[in-house]
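Letters A, B, ... mirror the listed sequences (proteins, then strands); counts begin at 1.
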Amino acid sequence: MDYLAHLNPPQREGVENLEGPTMIIAGAGSGKTRVLTYRIAHLIRSKDVDPFKILALTFTNKAAKEMRERIEKVVGTDARNLWMGTFHSVFSRILRAESDKLGYPSNFTIYDTDDSKSLIKNIVREMGLDEKLYKANVVYNRISGAKNNLISWQNYISNPVYISDDEQAQKPKMGAIYKEYVQRCFRAGAMDFDDLLFNTNILFRDHLDVLNKYQQRFQYVMIDEFQDTNISQYLITKRLASVHQNICVVGDDAQSIYAFRGANIQNILNFEKDYPDLSVIKLEQNYRSTQNIVNAANSVIVKNSAQLKKSVWTENDHGEKVHLIKATSDNEEGRLVASSIFEDRSNKKLENKDFAILYRTNSQSRSMEEALRKMNIPYRIFGGLSFYQRREIKDLLAYLRFTINQNDEQSFRRIINLPKRGIGGTSVDKIMVAAFENERPLWDVLNNIQNFLPGRAANAVQNFVTLIKSFRIKLEREDAFETASFIAKQSGLLKELYDDKTIEGLNRYENVQELLNAIKEFVDSTESEDKSLEAFIADVALLTDADNQDPNDTNYVNMMTIHSAKGLEFKHVYIVGMEEDLFPSQMMLNSRADLEEERRLFYVALTRAMEKVTLTYALSRYRFGRLKSCEPSRFIEEIDPEFLKVDRKFNSSEPMGSMNNGSSNSLYARNLVAKRKATTPKVPPGKKLHTPSADFKPSDTRSLDTGMRVEHPKFGFGKVVKMDVDGANRKATIEFELFGEKTLLLTFAKLRILED
DNA sequence: TACGCCATGTTTTTT
DNA sequence: ACATGGCGTA
């Protein structure tokens with residue numbers, strides 16, 4: 001095949017060695033994705049394998065999408081039928097098809113992390129336990145860890161190790177909470193993220209006919225980012241591949257950064273044991289980065305103890321050394337990065353999209369944003385708070401979810417008194433008690449509510465039940481969009497947001513409209529065969545809006561956490577906040593294994609860069625609103641000095657004392673303004689409006705006015721030329737000048753005002 | 001039951 | 001700095 005021509009020998013082997021178990025150890029930048037996509041293309045094109053019989057699992061939606069696109073380029077529309085996606089999405093599909101075997105409804109709800117934690121909180125409270133001792137977060141992680149190791153609650157409460165662990169931690173009730181949590185999820189017809197994998201394992205373990213069906217179907221199984229899989233995931237694929245034995249895993253132990261989620265490097269070692277006739281292919285030549293970058297990264301990663309033998313090298317140019325910039329404050333750090341980008345962009349003829357700013361925590365984006373905005377450098381933030389996590393969106397989704405599954409406890413709690421119906425916490429508690437003590441489904445209790453609640457409250461619940469029933473009629477007869485808009489209107493949600501004339505209310509209203517638009521798009525799309533609301537809701541919990549953003553799509557500087565940068569590459573990479581306690585994170589200093597994971601994270605960050613890496617750190621940084629002094633990260637010293645260059649030009653010469661005047665004062669003043677506007681109850685008639693928040697943070701909230709320079713996430717930078725605001729109808733028409741051309745925008749929620 | 005004010009904890013990363 | 005939860009009042 002023609003595409004084999006530009007592959008080096010090990011890459012070519014990775015593509016052509018199709019039969020039997022294969023492990024591809026792929027160093028950073030070694031063309032791993034290319035091998036995987038060509039391999040699949042090769043199966044379809046040359047070996048005539050039905051795409052329907054190929055299962056390709058990735059870790060993130062982003063990776064799945066990218067791979068599908070690349071395969072489509074080689075094999076065309078055949079790629080449509082591939083079973084490709086994240087573990088969670090692929091197996092949720094299978095679980096829906098086979099749900100009856102496990103006693104779940106096929107339209108089971110998927111609880112996201114927020115749902116799970118709030119359920120745990122309720123349980124802890126109901127059990128009369130100390131909520132500080134049994135923090136939802138901690139309990140959730142403990143349960144999640146157990147599930148990812150395939151420890152059921154039955155195993156858990158009888159396992160002496162877990163018991164003594166919990167007793168030593170003064171948390172003896174952990175197992176009991178686990179049990180209650182699992183039972184509550186089951187009764188609610190809900191699975192959390194970990195259940196999607198755990199229950200798939202149960203399904204394949206207990207229903208051999210089902211297992212056999214999928215074993216026959218999936219002749220070829222492939223796993224990307226294998227180092228990030230946990231035991232639960234690994235066992236699923238092992239079972240699936242055990243008939244044909246055509247399993248191919250691709251990974252790099254040096255890039256394993258998800259141990260906190262149960263990922264296990266051990267999987268790689270186990271793999272060799274489980275498949276003795278394994279072919280191992282090593283991709284060691286890096287095509288992405290300069291020698292200085294590869295060498296610097298290598299000099300860091302050797303500090304880790306556990307490693308597979310592998311040496312990553314490159315034939316690329318030496319390139320520049322890794323730059324190091326010191327700043328006095330986080331704000332100055334932002335300014336230095338912004339001016340460095342500004343300079344390189346013009347001096348080296350680069351575009352915005354060639355740059356990426358990577359950080360350890362999402363909250364670090366703020367100071368970077370400020371600086372970039374001031375220099376008029378367009379940027380885009382990946383990750384952070386997802387659209388689907390916004391309150392108003394979760395509210396509407398809860399209505400939609402409950403209409404589909406009336407036993408979904410979390411959705412019920414969310415909407416039962418929204419808008420206010422006079423049903424408070426005590427009534428809800430009574431309903432729950434009635435359901436649990438009699439082992440009756442929630443919906444059953446609600447339908448016979450007069451037996452459980454006094455007259456007035458019972459009446460209110462009765463009305464709620466009638467309302468939901470009217471939604472169900474719509475659900476059965478209409479498509480997703482008709483049903484959802486009906487629910488949004490009739491529930492009173494839309495009206496409540498409409499009546500809320502505050503700036504935030506306006507925004508929320510628009511966000512809900514945006515969700516409805518998304519549903520409309522889903523219905524109109526030719527790709528979705530099933531246009532029911534169930535089909536739309538099925539995967540919503542598995543989506544994040546980072547998945548909808550294509551890094552190459554628009555010409556913006558990219559900003560994201562290092563975790564979400566995995567698999568991506570950029571010409572110039574800034575790794576900011578290189579400070580002890582921040583990176584490595586304070587939380588990760590407890591064990592050697594944790595520190596090594598942080599080091600691998602640093603390795604991942606370094607190896608994203610093609611041409612230039614710049615590290616920055618600040619001597620002081622705002623945290624919880626307080627200025628804190630910082631020390632440079634130990635990782636900086638771990639880079640072999642031969643590959644490191646202290647960037648004098650960009651190093652701060654400002655004395656420490658000066659950091660409290662200019663920049664921080666203006667920031668303070670700005671936030672004050674923002675707060676004032678945000679709490680103004682009504683939008684006055686005339687031309688006072690806001691900007692925020694679908695893509696921007698609430699602190700951007702300010703009055704919009706003609707003449708202001710603004711940014712729109714799609715249209716880019718421009719100026720407000722004219723605005724007509726109709727407060728009564730809540731519509732604004734803004735004439736927006738974009739590079740000299742006039743554009744009319746009907747909505748302003750996505751405009752951000754730029755500093756002058 | 002609803003609402004307002006005050007106290008408290010939170011920030012590691014993602015499906 | 002910000003969101004959440006508790007507590008008191010209407």
Side-chain angles (χ1 to χ4, degrees), chain A residues 57-64 85-92 110-114 116-118 121 125 131-132 135-137 141 144 147-148 191-197 225 228-230 232-233 256-263 358-366 382-386 388-389 391 417-428 456-457 460 539-544 546-547 560-566 577 581-590 594 597-598 600-602 604-605 621-628 667-668 671-672 674-675 678 697-699:
Chain A
L57 296 166
T58 62
F59 203 65
T60 61
N61 295 310
K62 207 194 288 173
T86 62
F87 279 88
H88 290 85
S89 71
V90 166
F91 295 118
S92 74
I110 297 176
Y111 277 173
D112 66 18
T113 312
D114 289 342
S116 300
K117 284 180 187 167
S118 101
K121 211 180 248 180
R125 202 171 306 172
E131 285 181 61
K132 290 194 179 139
K135 280 193 208 160
N137 216 344
N141 287 332
S144 173
K147 282 184 184 168
N148 286 330
M191 296 195 198
D192 67 16
F193 286 140
D194 304 312
D195 286 334
L196 296 175
L197 308 172
E225 307 282 11
D228 289 329
T229 55
N230 57 41
S232 181
Q233 291 166 320
S256 161
I257 54 176
Y258 283 102
F260 74 93
R261 253 188 57 190
L358 308 183
Y359 33 79
R360 178 65 234 268
T361 68
N362 277 309
S363 59
Q364 286 168 259
S365 66
R366 202 221 71 218
F382 287 77
L385 191 63
S386 148
Y388 293 101
Q389 288 177 303
R391 174 152 63 88
N417 207 24
L418 188 98
K420 301 269 180 304
R421 284 179 243 277
I423 305 171
T426 32
S427 299
V428 174
R456 238 180 55 180
D539 286 341
V540 153
L542 301 176
L543 291 179
T544 58
D547 303 323
M560 66 193 88
T561 63
I562 302 170
H563 281 87
S564 43
K566 191 151 76 146
D581 290 357
L582 187 58
F583 190 26
S585 161
Q586 195 186 351
M587 326 280 306
M588 297 293 269
L589 295 175
N590 298 322
D594 281 351
E597 173 149 318
E598 291 287 286
R600 291 192 295 269
L601 195 57
F602 186 41
V604 168
R621 176 177 300 277
Y622 276 96
R623 249 188 147 183
F624 303 135
R626 288 247 149 263
L627 198 60
K628 215 191 112 199
L667 176 66
Y668 179 63
N671 282 341
L672 268 188
K675 198 152 203 171
K697 293 185 182 161
S699 62

### Task
Would you kindly give the CG-to-P distance between A:N148 and B:dT13, to the nearest whole Å?
18 Å

### side-chain N/O A:K135 vs B:dT10 OP1/OP2, d < 4.0 Å
yes

### Query
At under 4.0 Å between heavy atoms, what does A:K566 touch on the DNA or RNA strands: base, sugar-phosphate, or nothing?
nothing

### Message
Go nucleotide by nucleotide along DNA chain B from the 5' end; which of A:S89 and A:M587 gets its closest nucleotide reached first?
### Response
A:M587

#### Entry: Rounded distance in Å - NE2 (A:H88) to C1' (B:dT15)
4 Å

### Query
So do the side chains of A:T561 and A:Y359 get within less than 4.5 Å of each other, counting heavy atoms only?
yes

#### Entry: For atom NZ of A:K62 and atom C1' of B:dT13, their distance in whole Å
13 Å

### Message
Is there, by distance only and without an angle test, a donor paired with an acceptor across the side chain of A:T113 and the base of B:dT15 below 3.5 Å?
### Response
yes

### Query
For B:dG9, does either OP1 or OP2 sit under 4.0 Å from a side-chain N or O belonging to A:N137?
no

## Note on the structure
Winner on side-chain proximity to A:S427, out of B:dT15, B:dT1, B:dT12, is B:dT1

## Note on the structure
dist A:D112:CG -> A:Y388:OH (nearest 0.5 Å) comes out at 12.5 Å

For nucleotides 4-6 of chain C, list the nitrogen or oxygen atoms of the protein found under 3.5 Å from its nitrogen or oxygen atoms, one pair per line.
| unit_1 | atom_1 | unit_2 | atom_2 | d |
| --- | --- | --- | --- | --- |
| C:dG5 | OP1 | A:K121 | NZ | 3.3 |

### Message
At 4.0 Å (heavy atoms only), tell me whether A:F583 reaches a base, stays on the sugar-phosphate, or touches nothing.
### Response
nothing

### Query
A:T561 side chain N/O closer than 4.0 Å to the phosphate oxygens (OP1, OP2) of B:dT14?
yes

### Query
Would you call A:K628 and A:R621 a side-chain contact if the rule is heavy atoms closer than 4.5 Å?
no

### Message
Looking at B:dT13, I'd like to know if its phosphate oxygens (OP1 or OP2) sit under 4.0 Å from a side-chain N or O belonging to A:N362.
### Response
yes

### Message
Expressed as a whole number of angstroms, how long is the span from A:N417:CG to B:dT1:P?
### Response
8 Å

### Task
Write down the distance between CD (A:Q389) and P (B:dT13), rounded to a whole number of angstrom.
11 Å

### Query
Taking CG from A:L358 and P from B:dT12, how many angstroms apart are they, rounded to a whole number?
19 Å

### Message
Within the 4.0 Å heavy-atom criterion, would you say A:I562 contacts the bases, only the backbone, or no part of the nucleic acid?
### Response
nothing

### Query
In whole angstrom, what separates A:N141's CG from B:dT15's P?
16 Å

### Query
Between OG of A:S116 and NZ of A:K121, what distance do you get to the nearest 0.5 Å?
13.0 Å

### Query
By centroid distance (under 5.5 Å) and plane angle (under 30°), are A:F260 and B:dT13 in a stacked arrangement?
yes

### Task
Check every atom of B:dT13, B:dT14, B:dT15 against the side chain of A:T86 and return the nucleotide holding the closest atom.
B:dT15

### Query
Under 4.0 angstrom, heavy atoms only, what part of the nucleic acid is A:F87 near: base, sugar-phosphate, or nothing?
nothing

### Query
Less than 4.0 Å between a side-chain N and a carboxylate O, is that true for A:R261 and A:D228?
no

### Message
Before we go on, tell me: are the rings of A:F193 and A:Y111 under 6.0 Å apart, centre to centre?
### Response
no

### Task
Looking at every strand, decide which applies to A:D194 at a 4.0 Å heavy-atom threshold: base, sugar-phosphate, or nothing.
nothing

### Message
Checking the side chain of A:S89 only, and the main-chain atoms of A:G85 only, is there a donor and an acceptor separated by less than 3.5 Å?
### Response
no

#### Entry: Among B:dA2, B:dT14, B:dT12, the one nearest A:S564 by side-chain distance
B:dT14

### Task
Please work out if A:T426 contacts a base, only the sugar-phosphate, or nothing of the nucleic acid, heavy-atom cut-off 4.0 Å.
sugar-phosphate

### Query
Can you name the salt bridge (Lys or Arg N to Asp or Glu O under 4.0 Å) partners of A:D581, sequence neighbours left out?
none

#### Entry: Nearest-angstrom distance from the residue atom CZ of A:F602 to P of B:dT12
20 Å

### Task
Give a yes or no on whether a salt bridge exists between A:E131 and A:R125, defined as a side-chain N under 4.0 angstrom from a carboxylate O.
yes

### Task
Using heavy atoms to find the nearest nucleotide of DNA chain B for A:V428 and A:M588 separately, return the residue whose nucleotide is more 5′.
A:V428

